[in-house]
Amino acid sequence: MTERIALVDVNNFYVSCERVFDPKLIGRPVVVLSNNDGCVVARSQEAKDLGITTGAPFFKVKQFIQSHGMAVRSSNYELYGDMSARVMEVLSRFGTWQEVYSIDESFIGVQGNPGQLGELATRIRSAVGRSVGVPVCVGVAPTKTLAKFANHVAKRNAHLDGVCSMDSMDPQVVGDIQSRVPVTDLWGVGARTGARLSGMGISTIADLKAADVTEIRKKFSVVLQRTVLELNGTPCIPHNEERADKQQIMYSRSFSNPVTTIEDMVEVMSIYAQRGAARLMSDGLWATLLTVTAGTSRFASGEASFPSITLKLPSPTQDPILLTRLAVGAMREIMHPGASYVRGGVVLSGLQPEPGQAAFGIFEEEMAETHVGDVLGAVKAKFGNKSIGLGSGGLAVEPGWSMKRDYSSPKFTTDWADIPVVKA
DNA sequence: TCTGGGGTCCTAGGACCC
DNA sequence: TCTGGGGTCCTAGGACCC
């Protein structure tokens with residue numbers, strides 16, 4: 001019995017989710033857009049083959065997309081979140097432990113001799129396909145970094161049928177592949193590090209694998225040192241089975257139209273602070289720090305302005321009234337009226353699971369405000385997010401800056417009104 | 001006209017303490 | 001006038017990931 005790590009991820013996750021509920025999209029080139037329909041965040045293989053790149057601004061490729069008959073969808077995160085939970089549940093049945101790494105990826109612990117590991121990978125792939133309907137690739141190896149690499153190999157070699165277990169591979173072949181794949185394709189090596197490595201004559205995975213660990217530690221960091229060790233088969237990246245406690249809650253969005261006035265920005269901050277407070281309450285967390293930010297476009301020629309300020313909260317809180325008041329007040333101070341802001345955000349950090357001991361003076365006030373928060377939360381849970389709000393957060397009409405979503409698919413799995421109807 | 005939205009971890013440097 | 005050194009905590013910023 002050998003202990004191994006499997007990295008399972010869904011191919012073109014968002015596109016695959018859309019296809020489950022709209023089979024007409026199968027075989028067609030499909031792209032999914034980011035919030036605000038700003039840029040391309042997911043592409044089907046057919047769209048990749050046509051040369052659409054991830055992160056491409058939609059307005060620049062729109063013509064090309066339409067002229068090639070590609071299907072376009074706005075992102076539907078409720079649907080993807082729900083599909084993700086289903087995939088993770090299936091994977092959990094196959095692992096001795098599981099670390100959910102992202103919305104479409106999970107590491108799981110697996111055991112067996114080389115032959116069994118390859119078969120297991122194939123069984124995982126068909127189980128997810130059968131019960132959720134999305135295609136996955138599986139990479140199996142002794143370390144996380146190598147499991148990621150094996151997954152990469154499975155994806156790029158059609159004859160492997162979506163699975164690659166390193167124990168069944170000829171070491172010579174592994175070496176050949178590693179000496180052809182650029183080091184920046186490796187998990188943990190980005191463009192910056194890649195450029196510096198290249199200056200040292202390290203350009204492929206094989207080069208990095210052969211590099212001197214102590215030199216790497218000195219010139220870079222323990223992060224890259226761990227990567228080198230993992231490439232050589234020594235596991236040194238720990239796995240977090242339990243979802244690490246969240247360190248921060250961020251609510252940040254681009255606007256469909258720029259915000260230039262204090263009144264509009266106050267409206268934005270008021271709503272974002274209340275969304276943040278709602279997430280604190282649903283996660284059972286209290287914040288001790290509040291950051292508000294805004295930014296002008298990096299692509300525009302007007303005044304550049306990136307105001308940002310962090311406030312220490314008087315005591316740990318999840319109170320929407322207090323957070324709204326502070327966020328609005330802080331933003332009034334730091335923004336430049338007249339600058340054309342295209343995004344804004346509220347970050348809650350210094351999170352803790354208990355309200356802790358409040359100073360006596362503010363304690364009573366806190367109590368009163370907490371009750372209001374409970375009431376707000378209850379009303380929203382029952383009647384939806386837009387049913388009630390504080391100050392300018394209680395908007396009956398969509399404001400001018402709210403998100404654009406012109407190509408939405410229905411909330412197939414999370415809204416009764418949108419559940420697909422089967423006619424037999 | 002239109003260019004995403006989250007997150008994590010590590011490191012260096014300053015403040016402060018004894 | 002002399003002007004150490006080690007430790008901790010906090011924060012900002014960099015790099016990376018999906």
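A note on names: the letters A, B, ... follow the listed sequences, proteins ahead of strands, and every chain is numbered from 1.
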Study note, to complete from the structure: residues 32-47 of chain A vs side-chain hydrogen bond (donor to acceptor under 3.5 Å, both in side chains), sequence neighbours excluded, gives A/Arg19-A/Glu46, A/Asn35-A/Arg405, A/Asp37-A/Ser74, A/Ser44-A/Glu46, A/Gln45-A/Asp49
Revision key, fill the gap. Taken in chain and number order and not counting sequence neighbours, the residues that satisfy ring pair (Phe, Tyr, Trp, His ring centres under 6.0 Å) with A/Phe64 are A/His68
Exercise for review: Go through the structure and list residues passing ring pair (Phe, Tyr, Trp, His ring centres under 6.0 Å) with A/Phe306, not counting sequence neighbours.
Suggested key: none
Check your understanding: Ion pair present between A/Asp22 and A/Arg73, side-chain N to carboxylate O less than 4.0 angstrom?
Key -> yes
Review point. Any ion pair linking A/Arg226 and A/Glu230 (charged N to carboxylate O, less than 4.0 Å)?
Key: no
Practice item. Starting from P on C/dC17, measure out to CZ on A/Arg192 and report it in whole angstrom. Key: 13 Å
Exercise for review: Answer with base, sugar-phosphate or nothing: what part of the nucleic acid does A/Arg279 contact at a heavy-atom distance below 4.0 Å?
Suggested key: sugar-phosphate
Practice item. For A/Gln248, answer base if it contacts any base atom (sugar-phosphate contacts may also be present), sugar-phosphate if it contacts only those atoms, and nothing otherwise; contact means non-hydrogen atoms under 4.0 Å. Key: base
Practice item. Report, as yes or no, whether the 6.0 Å neighbourhood of atom CD on A/Gln66 holds more than 12 heavy atoms from other residues, nucleotides or ligands. Key: yes
Practice item. Please work out if A/Phe13 contacts a base, only the sugar-phosphate, or nothing of the nucleic acid, heavy-atom cut-off 4.0 Å. Key: nothing
Point to revise | Counterpart residues, ring pair (Phe, Tyr, Trp, His ring centres under 6.0 Å), relative to A/Phe107 (two or more places apart) | key: A/Tyr101, A/Trp187
Point to revise | All pairs passing salt bridge (charged side-chain N to carboxylate O under 4.0 Å, His left out) where residues 83-93 of chain A contributes a residue, at least two apart | key: A/Asp82-A/Arg86, A/Glu89-A/Arg93
**Study point:** Side-chain heavy atoms of A/Thr227 within contact of A/Ile216, under 4.5 Å
**Key:** no
Point to revise | A/His152 NE2 - C/dC17 C1' separation (whole Å) | key: 15 Å
Practice item. Assess A/Arg279 against A/Tyr251: is NZ or CZ under 6.0 Å from the centre of the six-membered ring, and within 45 degrees of the ring's axis? Key: no
Check your understanding: Given the C1' atoms of C/dC17 and B/dG4, what is the spacing between them in whole Å?
Key -> 14 Å
**Study point:** Watson-Crick and G-U pairing of DNA chain B, under 3.5 Å, as dot-bracket with | and [ ]
**Key:** ....||||||||||||||
Check your understanding: Given atom CD of A/Gln225 and atom C1' of C/dA15, what is their separation to the nearest angstrom?
Key -> 17 Å
Check your understanding: How are the rings of A/Trp401 and A/Tyr272 set to each other: parallel, tilted or perpendicular (split at 30° and 60°)?
Key -> perpendicular
Considering only nitrogen or oxygen atoms on both sides, find all protein atoms under 3.5 Å from nucleotides 3-5 of chain B and state each distance.
residue, atom, partner, partner atom, Å
B/dG4, O4', A/Ser34, OG, 2.9
B/dG5, OP1, A/Ser254, N, 2.6
B/dG5, OP2, A/Ser254, N, 3.4
B/dG5, OP2, A/Ser254, OG, 2.9
B/dG5, OP2, A/Arg343, NH1, 2.5
B/dG5, OP2, A/Arg343, NH2, 3.2
B/dG5, O3', A/Arg253, NH1, 3.0

Show me the protein contacts with nucleotides 9-11 of chain C, counting only N or O atoms at under 3.5 Å.
residue, atom, partner, partner atom, Å
C/dT11, OP1, A/Lys312, NZ, 3.4

Review point. Which is true for A/Asn257 with a 4.0 Å heavy-atom rule: it touches a base, it touches only sugar-phosphate, or it touches nothing?
Key: nothing
Practice item. Using side-chain hydrogen bond (donor to acceptor under 3.5 Å, both in side chains) as the criterion, list what pairs up with A/Lys148, not counting sequence neighbours. Key: A/Glu105
Exercise for review: Taking only heavy atoms on the protein side, list every residue of residues 178-191 of chain A lying under 4.0 Å from any atom of DNA chain C, sorted numerically.
Suggested key: A/Leu186, A/Trp187, A/Gly188, A/Val189, A/Gly190, A/Ala191
Review point. How many Å lie between OH on A/Tyr101 and C1' on B/dG7, as a whole number?
Key: 10 Å
Check your understanding: At under 4.0 Å between heavy atoms, what does A/Thr310 touch on the DNA or RNA strands: base, sugar-phosphate, or nothing?
Key -> nothing
Check your understanding: Once you round it to whole Å, what is the distance between P of C/dC17 and CG of A/Asn151?
Key -> 14 Å
Point to revise | Value in whole Å for how far the P atom of C/dC18 lies from CD of A/Glu99 | key: 13 Å
Review point. Nearest-Å distance, CZ (A/Arg226) to C1' (C/dC16)?
Key: 13 Å
**Study point:** Separation of C/dC16 P from A/Lys144 NZ (nearest whole Å)
**Key:** 19 Å
**Study point:** Listed partners of A/Tyr14 passing ring pair (Phe, Tyr, Trp, His ring centres under 6.0 Å), at least two apart
**Key:** A/Tyr77, A/Tyr80
Review point. How would you list all residue pairs meeting salt bridge (charged side-chain N to carboxylate O under 4.0 Å, His left out) that involve residues 293-311 of chain A, not counting sequence neighbours?
Key: none
